[in-house]
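Chain identifiers are assigned alphabetically (A, B, ...) following the order of the sequence lines, protein sequences preceding nucleic acid strands; residue numbering begins at 1 within each chain. Quantities reported herein were computed from a predicted structural model and do not represent experimental measurements.
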2 protein chains.
Amino acid sequence: MRGYTKFLEKLIEELSHLPTIGPKSAERMALYLIKSPPQRSQSLAEAIINAREHTQRCSRCNYFSEQEFCPVCLDIEKREKAICVVEDPQDVIAIERTGRYNGLYHVLWGQLSPLDGIGPEDLPFKKLLLRVREENIAEVIIATSSNREGETTAQYLKQVLLPLSVKVTRIARGIPVGSNIGHIDLATISHALDGRREVSA
Amino acid sequence: MRGYTKFLEKLIEELSHLPTIGPKSAERMALYLIKSPPQRSQSLAEAIINAREHTQRCSRCNYFSEQEFCPVCLDIEKREKAICVVEDPQDVIAIERTGRYNGLYHVLWGQLSPLDGIGPEDLPFKKLLLRVREENIAEVIIATSSNREGETTAQYLKQVLLPLSVKVTRIARGIPVGSNIGHIDLATISHALDGRREVSA
């Protein structure tokens, strides 16, 4: 006998697909679920299904939403006429938590990456340009990562935004090169927002 | 906006109940599940439910089983007339993987711990004594942990087993004091099995 029961082995396998979870952690998690009261595993399974079913993308900014518009876009009248362009939804949460920004967002759900075949038509840039015009936006803050793909994306954004009559800024390089905004401490993100500079042609 | 959507926050909370998972890991796992194809989260949820529903305890040795008897107990005729008493089901897997033991098991699903109110009547000792007689067992190997509760459990086992006409052994102290059998490398477990000594009164 080299393993657990069929269903338990399947659970360990499924859990080990999760990020940062190795086989030992997956085994420990599976045994925990088996040993806990049935409600624990029931409510985890339900939470997974519910989150998947009820989480869609805001039809304006692409951030997570349970309805057509996300909480930020529903609050659009009280928000400043600025759009902060980020790569991932967790970047929105990270910036919101600083309490230093009161504008809108545009989530790209990715970076330009020619090597991976991700070009301008794969990310919602057209929708961003449309929003800048229709929502009468005064400033676009480029908050892509400071790694190579993030800089490529920023360069592209600068290029398509500068012809419009909108102020274009890039958050300051307070953030360490090569790292991802969603994993940075709040103070550093605050400094980066404060130190943003206008982009010249 | 201080958090994600309601359902996503619920998923992060449920995931952070898992052992060794902090809030940051839970967030990363939840976002991974949201971004992956729906089949990924569907099959994880199903694996959790299936493992919980189809995993019961072997009615002989208390190890995991999908039917009345576990694979080891179904194979009882080919196994040696020995019972290795362990605390947790993962200890069975750890010992099986060494390939150095061909007997039966008895899973206690815990340790004696007077401070936590866990006494002899809370663990399946009576069933073990019954098995020793009915299955004509020649040797009982005590393989509880080498921490305080494990030693207390071993002492109790020694006390109730010695009056029976069965050889009682304790796996050797090759395993580091204070650690749990399920987390030890195979070579050390092999040595511990080889070096077991008979218990005297």
Check your understanding: Is the B:Phe125 to B:Trp109 ring centre distance short of 6.0 Å?
Key ->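 Between B:Trp109 and B:Phe125, which both carry aromatic rings, the centre distance is not below 6.0 Å.
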**Study point:** Partner chain A: residue of B:Ile21, B:Ile12, B:Ile48, B:Thr20 with the largest heavy-atom pair count (under 4.5 Å)
**Key:**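 It is B:Ile48.
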Review point. Among B:Ala30, B:Ser65, B:Pro19, who wins on heavy-atom pairs under 4.5 Å with chain A?
Key: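 Among the listed options, the one with the most contacts to chain A is B:Pro19.
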Check whether [X] gets within reach of chain B through its side chain, its backbone, both or neither, counting any heavy atom under 4.5 Å.
| X | result |
| --- | --- |
| A:Glu27 | side chain |
| A:Thr55 | side chain |
| A:Thr5 | both |
| A:Leu31 | side chain |
| A:Asp88 | side chain |
| A:Phe64 | both |
| A:Lys24 | side chain |

Check your understanding: Are A:Glu46 and A:Gln42 linked by a side-chain donor-acceptor pair shorter than 3.5 Å?
Key ->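 Side chains of A:Glu46 and A:Gln42: pair found under 3.5 Å.
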Check your understanding: Is it true that the side chains of A:Glu151 and A:Thr144 contain a donor and an acceptor less than 3.5 Å apart?
Key ->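 Result is no, nothing qualifies.
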Sidechain N-carboxylate O distance under 4.0 Å for [X], [Y]:
| X | Y | result |
| --- | --- | --- |
| A:Glu134 | A:Lys127 | no |
| A:Arg40 | B:Glu14 | yes |
| A:Glu121 | A:Lys126 | no |
| A:Glu13 | A:Lys6 | no |

Counting heavy-atom pairs under 4.5 Å with chain B, which one of [options] comes out on top?
| options | answer |
| --- | --- |
| A:Leu15, A:Ile49, A:Leu18 | A:Leu18 |
| A:Ile34, A:Asn50, A:Asp75, A:Leu33 | A:Ile34 |
| A:Glu53, A:Met29, A:Arg28 | A:Met29 |

Check your understanding: Are side-chain heavy atoms of A:Arg131 and A:His106 found at a separation under 4.5 Å?
Key -> yes
